[in-house]
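Worksheet: one structure, shown below.
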Amino acid sequence: MEICHKALPIRSKYKDISAKFCYREKGHKGSCDEFHYLAHLEKNFPRVANKIKRDATKTTGAAWKSEDAGPNRIDRWVMLQNDDVLLRYGLKMRELKPTVVAKLREKAASYEDCMDVAAKLTWVAYQMPDAPACPAEIKDYLEARFGRFNISSVSCIVCREPISFSLFENAKRGKADIETAHRNPRTHNGSNVGFAHRECNIAQGNKTLDEP
Ligand SMILES: [Zn+2]
Ligand SMILES: [Zn+2]
């Protein structure tokens with residue numbers, strides 16, 4: 001499928017080192033939109049839509065509290081820049097602990113990869129056994145990009161047991177029972193991501209999963 005890819009205005013303070021494009025199909029009707037395929041989840045399951053967006057695009061991880069712990073939730077593509085560039089944006093990488101820097105750098109990914117992750121996760125979420133029905137227009141778009149839906153085929157990428165859409169709503173102490181997971185924890189792109197039970201994701205840690 002060809003993507004529209006029209007550049008959209010960026011309001012972030014990182015706009016000079018960021019990108020933002022329309023990800024609707026080329027030749028689409030109506031206005032350009034970066035995350036149009038999340039519209040139905042945004043309306044009905046905002047927690048799920050926000051999680052997909054956040055996990056796809058931000059350097060989450062530990063709930064860093066102290067000043068030293070470093071910038072929380074930075075766009076992953078911003079973390080591709082070197083220390084000198086980041087300093088111009090007030091991100092003092094040299095003042096952070098090496099372990100924190102390593103963690104932030106490990107989560108760096110290009111804007112394009114992050115956008116592929118967001119769409120791929122949406123495609124996966126709609127195939128969970130108890131997922132809401134996907135509106136036809138969104139389904140057509142996601143299937144054109146990633147292949148036909150196979151409802152109920154989705155499993156935890158770590159334990160391979162079925163994974164339920166209801167787990168998104170099942171939050172303990174602010175942490176959902178379902179997490180975005182990476183087959184190789186150091187690679188953030190569409191082909192390497194999926195969902196995992198929270199305990200499974202914790203158990204996986206920094207290890208790369210064997211190929212299925
Ligand atoms: Zn467009
Ligand atoms: Zn699992």
Side-chain angles (χ1 to χ4, degrees), residues 1-12 14-15 18-60 73 75-78 107 109-157 162-171 176-183 187-196:
M1 171 198 279
E2 273 202 82
I3 303 287
C4 169
H5 256 137
K6 191 180 162 226
L8 300 171
I10 311 172
R11 279 185 290 270
S12 149
Y14 307 111
K15 62 178 160 49
S18 293
K20 190 170 174 174
F21 295 110
C22 170
Y23 269 81
R24 297 185 68 177
E25 186 168 11
K26 196 171 181 171
H28 66 85
K29 295 197 183 72
S31 50
C32 285
D33 194 341
E34 195 181 23
F35 290 108
H36 69 291
Y37 53 83
L38 277 172
H40 167 253
L41 289 180
E42 252 159 19
K43 189 157 173 269
N44 301 284
F45 301 90
R47 189 198 290 251
V48 179
N50 289 337
K51 179 174 176 56
I52 288 174
K53 254 192 218 178
R54 190 177 62 234
D55 290 356
T57 63
K58 304 285 184 184
T59 61
T60 47
R73 291 193 186 163
D75 293 331
R76 288 176 184 262
W77 48 89
V78 167
K107 309 235 164 178
S110 71
Y111 170 80
E112 286 76 13
D113 280 341
C114 292
M115 292 303 291
D116 286 347
V117 167
K120 180 71 177 289
L121 290 176
T122 307
W123 177 81
V124 174
Y126 274 118
Q127 295 178 76
M128 289 173 179
D130 51 347
C134 185
E137 199 193 330
I138 294 175
K139 184 167 182 259
D140 289 347
Y141 172 86
L142 293 173
E143 287 190 332
R145 287 193 61 185
F146 303 108
R148 295 290 293 270
F149 279 11
N150 181 3
I151 303 296
S152 298
S153 66
V154 173
S155 52
C156 167
I157 67 166
I163 194 158
S164 163
F165 190 87
S166 68
L167 294 179
F168 280 117
E169 300 294 330
N170 229 359
D177 281 349
I178 190 166
E179 288 188 353
T180 300
H182 298 78
R183 288 180 186 84
T187 307
H188 187 71
N189 65 36
S191 53
N192 188 50
V193 294
F195 290 108

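Scope of the values below: all heavy atoms of this structure, side chains included, with no hydrogens, waters or symmetry mates. Just so you know, residue 1 is the first one in the sequence shown, and it goes up from there.
- Not counting sequence neighbours, His36 has no partner by the side chain to side chain donor-acceptor pair (under 3.5 Å) test.
- Listed by chain and number, the residues in a side-chain contact (heavy atoms from CB on, under 4.5 Å) with His40 are Asn44, Tyr126, Pro132, Pro135, Ile138 (sequence neighbours excluded).
- Evaluation of the side-chain contact (heavy atoms from CB on, under 4.5 Å) rule for Ser152 yields Pro129 as partners, not counting sequence neighbours.
- Residues that satisfy the side chain to side chain donor-acceptor pair (under 3.5 Å) test with Tyr37, not counting sequence neighbours, are absent from this structure.
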Please test Met128 against Ile178 for side-chain contact (heavy atoms from CB on, under 4.5 Å), starting from the C-alpha separation and ending with a verdict. CA-CA 12 Å; Met128 289 173 179; Ile178 190 166; 3.7 Å; yes

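- A distance of 10.0 Å separates CZ in Phe195 from CD1 in Ile157, rounded to the nearest 0.5 Å.
- The cationic atom of Lys139 (NZ for Lys, CZ for Arg) lies less than 6.0 Å from the six-membered ring centre of Phe149 and within 45° of the ring axis.
- Note that OG1 of Thr122 is 6.0 Å distant from CG of Leu142, once rounded to the nearest 0.5 Å.
- Using a 4.5 Å heavy-atom threshold, the side chains of His182 and His188 count as touching.
- Judged as a salt bridge (charged side-chain N to carboxylate O under 4.0 Å, His left out), and not counting sequence neighbours, the contacts of Lys26 are Glu2.
- Annotation: salt bridge (charged side-chain N to carboxylate O under 4.0 Å, His left out) contacts of Glu42 (sequence neighbours excluded): Lys53.
- Considering only residues two or more places apart in sequence or on other chains, Phe45 meets the ring-ring contact (aromatic ring centres under 6.0 Å, His included) condition with Phe165.
- Listed by first then second residue, pairs satisfying salt bridge (charged side-chain N to carboxylate O under 4.0 Å, His left out) with a partner in residues 116-134 read Asp116-Arg145, not counting sequence neighbours.
- No donor-acceptor distance shorter than 3.5 angstrom exists from the side chain of Arg24 to the backbone of Asp33, with no hydrogens or angles considered.
- Annotation: side-chain contact (heavy atoms from CB on, under 4.5 Å) contacts of Asn150 (sequence neighbours excluded): Gln127, Ser153.
- Val193 pairs with exactly one of Thr187, Asp113, Val124, Val117 by the side-chain contact (heavy atoms from CB on, under 4.5 Å) rule, that one being Val117.
- In this structure, Glu34 CD and Lys20 NZ are separated by 4.5 Å, a value rounded to the nearest 0.5 Å.
- Summarising the geometry, atom CD belonging to Glu112 is positioned 11.5 Å from atom CD1 belonging to Ile3; distances are rounded to the nearest 0.5 Å.
- Legend: residues meeting ring-ring contact (aromatic ring centres under 6.0 Å, His included) with His5, ordered by chain and number and at least two apart, are Phe21, Tyr23.
- Take Ser191 and apply the side-chain contact (heavy atoms from CB on, under 4.5 Å) test, not counting sequence neighbours, and it matches Asn189.
- Here the CH2 atom belonging to Trp77 is positioned 6.0 Å from the OG atom belonging to Ser18, to the nearest 0.5 angstrom.
- Every residue was checked against the salt bridge (charged side-chain N to carboxylate O under 4.0 Å, His left out) condition with Arg11, not counting sequence neighbours, and none meets it.
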